[in-house]
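Down below is the structure, laid out as structure tokens.
A, B, ... follow the sequence lines: proteins, then strands. Residue 1 opens every chain. Please read all numbers here as calculations on a predicted model, not as lab measurements.
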Amino acid sequence: MLDPQLFKKDIELLADRLRDRGFALDVERYLDLEQRRRALQTETERLRNERNTRSKKIGEAKARGEDIKPLIDAVGDLGARLTNLEDELGIVKSGLDEIYYETPNLTHGTVPVGADETDNREIRRWGRAPEFSFQPRDHVDVGEVVDGMSFDLAAKLSGSRFVVIHGALARLHRALIQFMLDLHTTRHGYEEFYVPYLVNRDSLTGTGQLPKFAEDQFATATDDLFLIPTAEVPLTNTIRDSIIDSADLPIKLVAHTPCFRREAGSYGKDTRGMIRQHQFEKVELVQVVDPRQSYDALEELTDNAETVLRELELPYRVVSLCTGDIGFSAAKTYDLEVWMPGQQNYREISSCSNFESFQARRMNSRWRNTVTGGKEFVHTLNGSGLAVGRTLVAVMENYQQADGSIRVPQVLRSYMGGLEVISHA
RNA sequence: GGAGAGGUGGCUGAGUGGUCGAAAGCGGCGGUCUUGAAAACCGUUGACUCGAAAGGGUCCGGGGGUUCGAAUCCCUCCCUCUCCGCCA
């Protein structure tokens, strides 16, 4: 949520800035609602004041033992008028809330302006694409050769966009998780968290998935709970409705969780393999910081995620998402894209964002500024460190050998009982 | 799932229809005393919101209701605790 003052002070300027990211702010509707809100609120508060004053007088008169009947009669239909006004005000306010909660964040000045992903800016590249003396397979074929991955079996159990992994490949998948968690907790200063995978409406609203993106969430039928689309939701919401001591900043959290996404509207996209699944594992990094440090924190967090790829010796590039491609809640986002030999292309494997105070305002998460003494909104950040399923895919494709076997990356061997090559799951 | 007890300010906790945004204690802040500190004593101390200010409004788990008036009464949901049942 943006600062409502931005709407009040100069709505046209705001609308103009939001246009960069392809969002059409309904200025007319806002102005109409805000004008009515003002009038209704003033009148409602005036009537409440009158009711409060009269009621207090009745109480005083009763205490003195006077006849209060005439005073009660004099109140008349004040209560009914007030109820009507309050109802009307409530409707206008929920209209305004809709605007506030469904308006995306403003982007940072360094974010490239553009319409779609073709306007994203490449920041840097690391590593060199491996050269093969044979035609490299994609991960589906590699998985078939080592017999460790089944989409048919998953379809029988659940449907499309699921996978069953077994044997040594399943262990490799688990090794990636352990490796990532150990790296971030021992070298990057994050505290490991175990969190619920089902969260309530308030949590999803806090981080920005609701109300606008309800169709992307898996919801339970009888309880108002949702499967988390990312550990960002439970991790970031740990600071909801709280005031943080400045000495406790920055807060750096990491968790491994499954992530559940309906992938509504991506029916024709990435249907082959395990690139886009309804369920996947992710190790997520979250930082809560002093607003003055949030852009330094974004660089640090991005580097934390990159370190995973460098340690795994997977070639990648860093891309700054443009205004037309950046997510709803983010002020600035770096995507990490890993080289996929099977597709001869870079594919997103991590997304690192600074949300500035957008989530903090929704969550009412503040810190006590020791200099000014005031309570101010914190800045929140998060990033995948990394998406485990896609990392498995990247390892399978980059480490494949002519016979279809997979070399185990050096840093993972201790997690694999010393295994160096997976030739059959 | 069944039975019961609760949810009040940073914390503990009083308050069962009216001058209650709320006693008291603890904690915090300021002061007196002290070389300094502790103790003691005195004072002070909730949040949000509208307003230039004066001042107004809202908030006693969430939502709804009764009433001129609700922390207090009623309904409903959520959460915590105790006992029983079930269970990884």
Side-chain angles (χ1 to χ4, degrees), chain A residues 1-9 11 30-31 33-101 194-206 210-211 219-226 234 237-249 257-258 357 360-378:
Chain A
M1 192 169 125
L2 293 168
D3 186 351
Q5 290 303 325
L6 289 171
F7 291 77
K8 284 178 188 158
K9 279 184 184 147
I11 184 87
Y30 170 79
L31 288 174
L33 285 169
E34 177 58 13
Q35 190 196 349
R36 281 160 63 203
R37 198 223 91 222
R38 238 176 248 263
L40 284 168
Q41 186 149 325
T42 311
E43 183 60 8
T44 304
E45 289 184 4
R46 194 187 65 75
L47 280 187
R48 278 188 190 143
N49 184 5
E50 189 180 336
R51 181 201 61 192
N52 292 347
T53 311
R54 284 176 182 274
S55 293
K56 193 173 264 192
K57 286 219 174 92
I58 293 173
E60 286 165 1
K62 197 182 173 192
R64 287 194 299 267
E66 297 170 8
D67 179 17
I68 56 173
K69 182 81 173 33
L71 287 174
I72 290 175
D73 289 345
V75 172
D77 65 343
L78 197 143
R81 279 190 290 150
L82 185 55
T83 305
N84 283 340
L85 270 180
E86 281 173 340
D87 289 349
E88 212 178 322
L89 179 62
I91 291 165
V92 170
K93 271 188 164 170
S94 56
L96 281 170
D97 275 346
E98 205 172 287
I99 293 176
Y100 288 141
Y101 278 99
Y194 170 78
V195 292
Y197 303 156
L198 285 163
V199 295
N200 59 31
R201 198 170 280 276
D202 285 346
S203 294
L204 280 166
T205 305
L210 289 181
T220 56
T222 52
D223 309 283
D224 202 28
L225 291 172
F226 302 81
N237 274 280
T238 56
I239 58 150
R240 173 150 50 85
D241 289 318
S242 57
I243 297 166
I244 300 156
D245 210 71
S246 67
D248 293 332
L249 296 177
T257 71
S357 59
R361 190 171 278 106
R362 288 171 161 248
M363 294 190 301
N364 192 25
S365 301
R366 292 169 295 167
W367 68 294
R368 200 174 292 279
N369 186 330
T370 41
V371 179
T372 65
K375 279 166 289 203
E376 300 169 12
F377 290 115
V378 293

[X] has a side chain; which of [options] sits nearest to it?
{"X": "A:Arg366", "options": "B:C68, B:C48, B:G56", "value": "B:C48"}
{"X": "A:Lys56", "options": "B:G57, B:U19, B:G18", "value": "B:U19"}
{"X": "A:Ser55", "options": "B:A47, B:G56, B:C68", "value": "B:C68"}
{"X": "A:Arg48", "options": "B:G57, B:C68, B:C48", "value": "B:G57"}
{"X": "A:Arg51", "options": "B:G69, B:G18, B:G57", "value": "B:G69"}
{"X": "A:Lys8", "options": "B:G56, B:U58, B:C50", "value": "B:C50"}
{"X": "A:Glu60", "options": "B:C68, B:G18, B:U19", "value": "B:U19"}
{"X": "A:Val75", "options": "B:C68, B:G57, B:G18", "value": "B:C68"}
{"X": "A:Ala63", "options": "B:U19, B:C68, B:C50", "value": "B:U19"}
{"X": "A:Ile68", "options": "B:A47, B:G18, B:G69", "value": "B:G18"}

Suppose you measure atom [atom1] in [N] against the same atom in [M]; what distance do you get, rounded to whole Å?
{"N": "B:G85", "M": "B:G63", "atom1": "C1'", "answer": "31 Å"}
{"N": "B:C60", "M": "B:G21", "atom1": "P", "answer": "12 Å"}
{"N": "B:G62", "M": "B:U8", "atom1": "P", "answer": "10 Å"}
{"N": "B:C79", "M": "B:A71", "atom1": "P", "answer": "25 Å"}
{"N": "B:C84", "M": "B:G46", "atom1": "P", "answer": "45 Å"}
{"N": "B:C42", "M": "B:C33", "atom1": "P", "answer": "16 Å"}
{"N": "B:A88", "M": "B:G64", "atom1": "P", "answer": "42 Å"}
{"N": "B:A54", "M": "B:C29", "atom1": "P", "answer": "28 Å"}

Any chance you could measure [X], atom [atom1], to [Y], atom [atom2], to the nearest 0.5 Å?
{"X": "A:Arg366", "Y": "A:Ser357", "atom1": "CZ", "atom2": "OG", "value": "12.5 Å"}
{"X": "A:Glu45", "Y": "A:Asn52", "atom1": "CD", "atom2": "CG", "value": "11.0 Å"}
{"X": "A:Ile58", "Y": "A:Thr53", "atom1": "CD1", "atom2": "OG1", "value": "11.0 Å"}

Measure CZ/A:Arg46 against C1'/B:U58 and give the value in whole Å, please.
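From A:Arg46 CZ to B:U58 C1': 18 Å.
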
So do [Y] and [X] actually touch side chain to side chain, heavy atoms under 4.5 Å?
{"X": "A:Phe226", "Y": "A:Leu210", "answer": "yes"}
{"X": "A:Asp248", "Y": "A:Asp245", "answer": "yes"}
{"X": "A:Met1", "Y": "A:Tyr101", "answer": "yes"}

When you check the gap from the basic side-chain N to the acidic O, do A:Glu34 and A:Arg37 get nearer than 4.0 Å?
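So A:Glu34 pairs with A:Arg37 through a salt bridge.
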
Would you call A:Asp73 and A:Lys69 a salt bridge, using N to O less than 4.0 angstrom?
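Salt bridge: yes.
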
Does anything in residues 82-97 of chain A reach RNA chain B, meaning a heavy atom under 4.0 Å, and if so which residues?
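When residues 82-97 of chain A is checked for heavy atoms under 4.0 Å from RNA chain B, there are no hits whatsoever.
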
Verify the contact: side-chain N or O of A:Asn52 to OP1 or OP2 of B:U58, cut-off strictly under 4.0 Å; return yes or no.
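For B:U58, OP1/OP2 do have a side-chain N/O of A:Asn52 under 4.0 Å.
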
A:Asn49 side chain near B:G57 phosphate (N/O to OP1/OP2, under 4.0 Å):
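Answer yes for this pair, as a side-chain N or O of A:Asn49 is under 4.0 Å from OP1 or OP2.
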
Mind checking who B:G4 pairs with, Watson-Crick or G-U wobble, both distances under 3.5 Å?
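Its partner is B:C81.
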
For B:U44, which nucleotide is its Watson-Crick or G-U wobble mate, given both distances must be under 3.5 Å?
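B:U44 is paired, partner B:G28.
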
